[in-house]
Each structure stands twice: as structure tokens, then as C-alpha cells.
There are 2 protein chains.
Amino acid sequence: MSTEPASFSNASAPRYQQLTDTLIHEIRSGQYPVGSLLPPEPRLIERFGVSRHTVREAVRRLAEMGLVARRQGVGTVVRARDRDTRYLASLSSLEELMQYTQQTRLKRLGERWVEADEALAALLRCKPGQRWLEFDTCRYPASGSEPFVHMVVYVHAAYESIRHHLDEGSVWFYGLIEKHYGEAIVEVQQETCAIAMSAHSARLLGVKPRSPGLQVVRYYLGRDDRMLSVSVNVYPAERFKVATRWRLERHESPAAEPSAPPPPGD
Amino acid sequence: MSTEPASFSNASAPRYQQLTDTLIHEIRSGQYPVGSLLPPEPRLIERFGVSRHTVREAVRRLAEMGLVARRQGVGTVVRARDRDTRYLASLSSLEELMQYTQQTRLKRLGERWVEADEALAALLRCKPGQRWLEFDTCRYPASGSEPFVHMVVYVHAAYESIRHHLDEGSVWFYGLIEKHYGEAIVEVQQETCAIAMSAHSARLLGVKPRSPGLQVVRYYLGRDDRMLSVSVNVYPAERFKVATRWRLERHESPAAEPSAPPPPGD
DNA sequence: AAGTGGTCTAGACCACCGA
DNA sequence: CGGTGGTCTAGACCACTTA
């Protein structure tokens, strides 16, 4: 039992905080490269001479910061060396600019269970064979009969019952999941690319097949990187633009290094 | 010991999750109005017949969602009936995912002074007649002869001399401005849309004219919203994807308001 | 089958706050 | 002072992944 002093200064800080600081520093120093595994909990317990609860609290905070991701049966994977805090954009500003606030109507075209084949599994980042609930929808401006986006939404089987709540106005799918399952959306990932429009999308949007379209895929992740929902949005080229704004942000002061060597670069 | 069944569905979900759901529902229903106190932990322990750990886990998630704030010595205050979603994305995560770090080569194709006509002025958001320095460039993967983006960069006349520094590896234009003029980039705006590719871009990228392309326009603004630089990036549809990641902002728990009135709706 | 993280209990002591 | 949430221990069993 080494019961390492855990750290330099901060002797008065809570034990878990000291662990958090130490681990942050070790991740930043490259001791645990991105993609590698943090030591499993039993090892951290030995090393720091604390209870499992304390170790878990420390690692939980690392996960909250996005530095690591925990995976049952696998371990704790390092995801990033630094918590990046320079330019920040909020998702809500994104939605505003997409004019998605109540001024649009959602129309449900269809709904069915799908089993992920190779291609769908790649899109949904899951294993082939998983079952998902698929919704086929279009979104219209509040006044106007031309839809401006064809949206296909996949919802994880565990949350299938949200389909009973889809009529409640212009709510978002992830909003429904949060509302009815108490499962917080902790991260949203978005991939944007240009495509030649499929026949199905083209027909719905009233444009020619294979004309340019903007495809935005959004991944909604819960705690520990569980994929809760995925939406595939296709916009006609002429009718849409995605705007985002990043602003220079204040540097979160504390948290970081007490006596530890200063971060490189930056 | 009532050991309440906690809720409607979700009988198989973890116990803390059932508590979370129940409490969310009760907050939303107005049973605990905004500003009031949630029952203290001992009461929740009795009511649900669970251990303190489980209660705390449930309440912790409410706090994470911003619905409540815990204050030592006071209690758990209800802060909102519904979740306010604040997600943040950092610009650096964007760049990472675009694989723009040193692994690409920039090739300068041309450089000239342009006077903004009506169309260019609209793009650059300036008045017609303004003079800008225009760079025509392509970006290549570190190994490979196929460019993956055609980039046209406009630099405000005041910073024209950066053209002498363009050879310093794979630096960004805005990096050069910050470096040589001490002018901080305070805000970055980005507009993404799909286009039919122009003949010029198509030739450079080796694709057919009018095939789908992804156009990303970035505006770099300095203090006082001065436009310092604008870059227009055109990517071929098959070869590129823009990825962005938003993470839930950490709700700094208590601390905040001493006596200040709580913020309204948000 | 072994090892990981996920959940949960039953205790304990502490720091903080308000009456 | 009494009650609140904050921290922490020492166990236990489970679900999941990998081999």
C-alpha cells in the first residue's frame, strides 16, 4: 500500500479532487496517451490508498470534462489530452440560426423497426444486427407547403416508447428522451457533408434527383458515450445554410495545475 | 417505510434512474415550484426506501441537468421546471477533426488585389469598393497529389504584409494575423452550405463541374467586430466531412448568486 | 472465466448554514 | 444548536466485454 500523497499542493482539497488533478496532469503529460486505457479502478485504489467510491468520483469528473470515457467491460479510455477552452460555440445559437424555433412544423411520414445492416451500422456507429426505431419526417416552415429538410431519425430501442409522445408540438427527439427517460444528452456530435440527393429525398423536397444537397448527421450521446439517437438531415442546396459562431472565451481559471509544470504551447 | 415503486414504466432501469424520472416529473408538474426546496436527502431515503448513495446519484443528475442546485447547509433548490440545454463546442475540436494539423500542405496558386463588387461585398459583408488581398490556394494531404479543398482567402488591406510570411509551414491565416499584428481573433463565424461546384474549383479538385460540393465560409473577426479575414473553402462531396462536437456545459453548482435575483426564463 | 465498470447498501465524520 | 449537503469507507452483487 503506497497510499501516494496523490499530489503536490492542494493538501486541503477533497481527496477525489487531488486524484482528478493528478490524473489530469498525467494525461496531459502523455503518460496515458489518447486512445490508451487509464489504470482500472482496483489499481487506482491501491495506488492512492482510497476507497473505490473516491476513485470513481475522480474518474467521473474526468469523464464529465470529456477527457476520458468509461466503458463497462472494457475500461476507461483516454479521449483527449486537454480540455479545450479557447473558442466556444453553443448549440443553442446554432439552432436559432437554423430558425428551428417553433416556426417550423414537423410531419411524420413513417415509422418502422430496422435492423442495422452493414451500412446502417456504420452510420449509426453500432454493431450490425442492432435494432433501431426509424422515423421518416419532413420539416416545414410555419407557413408554406415546401419542406426544407428531410429528416430520418433513429432512436435506440431502449427509448422506443417516445413514439407515443411525438405529437407534442415541435419538440426535439432528444428533448423527448430527456423528458421521458431522465437520460441527459451529454454530447452532440455533428457531421456535415455535401451529397448528391437520393431519389427519395429529392422527391420529398421537390428538387431533381442527384442535385446537390447538404447532409447533416447529428449524434446524440448520453452518459458514457451511449448513442441514444441519430438524425440524418438532408437540405436542398439553395434553401439552406448552417451558421455557427465561435467566440473567444475566458479561460476557466482554477482546476488545472498547482505546482505542476505549465502546459506546453498554447 | 413506504418504498414507493417510484414510477410508471422503467421498472428494470436502475433505481437511481427511477428516482430521477419521478423527481423530474414532479418538478415539471409543479409539485416542487421553482425556488422551493426539494425534500432533504433523509426524506427521500425514507420515501423511496433506498440508500443515501442512490438518492444522491439521482439528485446529482438533476443538478447536472440544471433542474436543481444543491447548497450545503441549505438544501436542494429547484432552479427550473425544464432543462435548459447549454452545449458548447470548441473550435479546436473542429480543426482536429478536419485533420488540419500539420498533416496537410498548402499550395499558393495566386494572389491579387481585388476591389469588392456587389457580389463580393455581400460575401465579405463589407461595402462595395473596399480593397482586399485575395489568395487562391489548395490544400493537400501530407502524402498525396489530390487536393481536398480549394480555398480562397481574403485578407483585409491592413494586414496585407502577411503575404511575406505565408511560407511558414501549415499555419493558418488568422494565426499569422495574430502573430504579426498582435490582433486577436475574437470571434469566428462559419456558414456551411451545399453548392454545385464552379468550373474553377472543379478543375482544381479533379471533379466534374456542377457536381455537389461543400462550401464552408469562415469569417474571422477581431475586436470591435472588425472583419480581418474571410476564407471560402470548397470541398468535393466524396472526400470531405466537417465534424463538430458539442458537450454539455458543466453546471457550476452553487456558488453563484449570493442575493442576486435568479435569471428569468433564459 | 476473468476482469472491467455499474449499481447499491450501511454505515461514518465533516463543513456549512440558519435560527 | 440541529439539519443540510459533502466526503469517504468497506463491503456486496451485477452486467458487460474479451478471450
Side-chain angles (χ1 to χ4, degrees), chain A residues 1 3 6 10-21 23 32 36-46 48-64 68-79 126-127 129-130 156 158 182-184 186 222-227, chain B residues 1 3 6 10-21 23 32 36-46 48-64 67-79 251-259:
Chain A
M1 244 55 72
T3 72
N10 267 24
S12 67
R15 205 79 181 85
Y16 68 80
Q17 178 74 56
Q18 299 176 32
L19 300 210
T20 304
D21 291 346
L23 291 172
Y32 305 116
S36 69
L37 292 177
L38 228 52
E41 292 171 359
R43 301 283 256 283
L44 294 175
I45 290 170
E46 292 171 16
F48 293 108
V50 297
S51 75
R52 185 160 174 228
H53 174 79
T54 302
V55 163
R56 283 184 63 76
E57 180 67 19
V59 176
R60 191 179 66 69
R61 306 208 165 209
L62 295 181
E64 235 176 28
V68 304
R70 302 201 266 197
R71 301 228 312 229
Q72 193 175 38
V74 178
T76 301
V77 189
V78 178
R79 266 175 50 146
C126 70
K127 290 184 181 158
Q130 274 199 6
H156 191 279
E183 173 79 56
V186 167
R223 225 163 279 296
D224 305 321
D225 288 337
R226 273 177 307 194
M227 188 77 71
Chain B
M1 237 63 70
T3 72
N10 272 21
S12 65
R15 204 80 182 84
Y16 68 80
Q17 171 94 39
Q18 301 175 30
L19 301 211
T20 304
D21 291 348
L23 292 171
Y32 305 117
S36 69
L37 291 176
L38 228 53
E41 292 171 359
R43 301 285 255 284
L44 294 175
I45 291 170
E46 290 170 17
F48 293 108
V50 298
S51 75
R52 185 163 174 225
H53 175 79
T54 302
V55 162
R56 283 184 63 76
E57 180 67 20
V59 177
R60 192 177 66 67
R61 299 194 174 218
L62 295 180
E64 233 177 29
L67 293 183
V68 305
R70 304 201 262 198
R71 307 244 308 247
Q72 194 174 37
V74 179
T76 301
V77 189
V78 178
R79 269 175 34 155
H251 280 273
E252 311 286 335
S253 51
E257 296 76 357
S259 65

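The chains referred to below are lettered A, B, ... by the order of the sequence lines, with proteins before strands, and numbering in each begins at 1. The figures here come from the full heavy-atom set of this structure, side chains too, leaving out hydrogens, waters and symmetry mates.
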A.B. asks: How many Å lie between NE2 on B:His53 and P on C:dC13, as a whole number?
C.D. replies: 20 Å
A.B. asks: What is the distance from CD of A:Gln17 to P of D:dT7, rounded to the nearest Å?
C.D. replies: 9 Å
A.B. asks: Are the side chains of B:Arg70 and B:Val59 in contact, using a 4.5 Å heavy-atom criterion?
C.D. replies: yes
A.B. asks: Do the charged groups of A:Glu64 and A:Arg61 touch, with an N to O distance under 4.0 Å?
C.D. replies: no
A.B. asks: Quick one: B:Arg60 CZ to D:dG5 P, roughly how many Å, whole number?
C.D. replies: 16 Å
A.B. asks: For residues A:Leu44 and A:Pro39, report the shortest heavy-atom separation together with the two atoms involved.
C.D. replies: CD1-O, 3.7 Å
A.B. asks: I want to confirm an ordering. Mapping B:Gly75 and A:Lys127 to their closest nucleotides on DNA chain D, which one lands closer to the 5' end?
C.D. replies: B:Gly75
A.B. asks: Quick one: label A:Arg71 by what it contacts on the DNA or RNA (base, sugar-phosphate, nothing), any heavy atom closer than 4.0 Å.
C.D. replies: sugar-phosphate
A.B. asks: Grab the CD-C1' distance between B:Glu57 and C:dT9 for me, whole Å please.
C.D. replies: 14 Å
A.B. asks: According to a strict under-4.0 Å criterion, is A:Thr76 in side-chain N/O contact with OP1 or OP2 of C:dG5?
C.D. replies: yes
A.B. asks: Let me spell it out: for each of A:Val55 and A:Gln72, pick the nucleotide of DNA chain D with the closest heavy atom. Which residue's pick is nearer the 5' end?
C.D. replies: A:Val55
A.B. asks: Could you work out which one of D:dT17, C:dT9, D:dC8 sits closest to the side chain of A:Val74?
C.D. replies: D:dT17
A.B. asks: Mind calculating the distance between CD1 (A:Ile45) and C1' (D:dC8) to the nearest angstrom?
C.D. replies: 13 Å
A.B. asks: Report the nucleotide, chosen from D:dG5, D:dT18, D:dT7, that has the shortest atom-to-atom distance to any side-chain atom of A:Arg61.
C.D. replies: D:dT7
A.B. asks: Tell me whether the side-chain N/O atoms of B:Tyr16 come closer than 4.0 Å to OP1 or OP2 in C:dC8.
C.D. replies: no
A.B. asks: Please work out if B:Val59 contacts a base, only the sugar-phosphate, or nothing of the nucleic acid, heavy-atom cut-off 4.0 Å.
C.D. replies: nothing
A.B. asks: Go through D:dG6, C:dG6, D:dT18 for me and flag the one nearest to the B:Arg56 side chain.
C.D. replies: D:dG6
A.B. asks: Is B:Val68 close to B:Val77 at the side-chain level, that is, under 4.5 Å between some pair of heavy atoms?
C.D. replies: no
A.B. asks: Would you say the base of D:dG3 and the side-chain of B:Arg43 have a donor-acceptor pair closer than 3.5 Å?
C.D. replies: no
A.B. asks: Round to a whole Å and report the spacing from CZ of B:Phe48 to P of C:dC8.
C.D. replies: 13 Å
A.B. asks: The side chain of B:Pro40 is closest to which nucleotide in this list: C:dT9, C:dG5, D:dG5?
C.D. replies: D:dG5
A.B. asks: What distance do B:Arg79 atom CZ and B:Leu38 atom CG have between them, rounded to the nearest 0.5 Å?
C.D. replies: 13.5 Å
A.B. asks: What integer distance in Å separates A:Glu41:CD from D:dC14:P?
C.D. replies: 18 Å
A.B. asks: Considering only side-chain heavy atoms of B:Thr54, which listed nucleotide, D:dT7, C:dT9, D:dA12, is closest?
C.D. replies: C:dT9
A.B. asks: Could you check how far CZ of B:Arg70 sits from C1' of D:dT7, rounded to whole Å?
C.D. replies: 12 Å
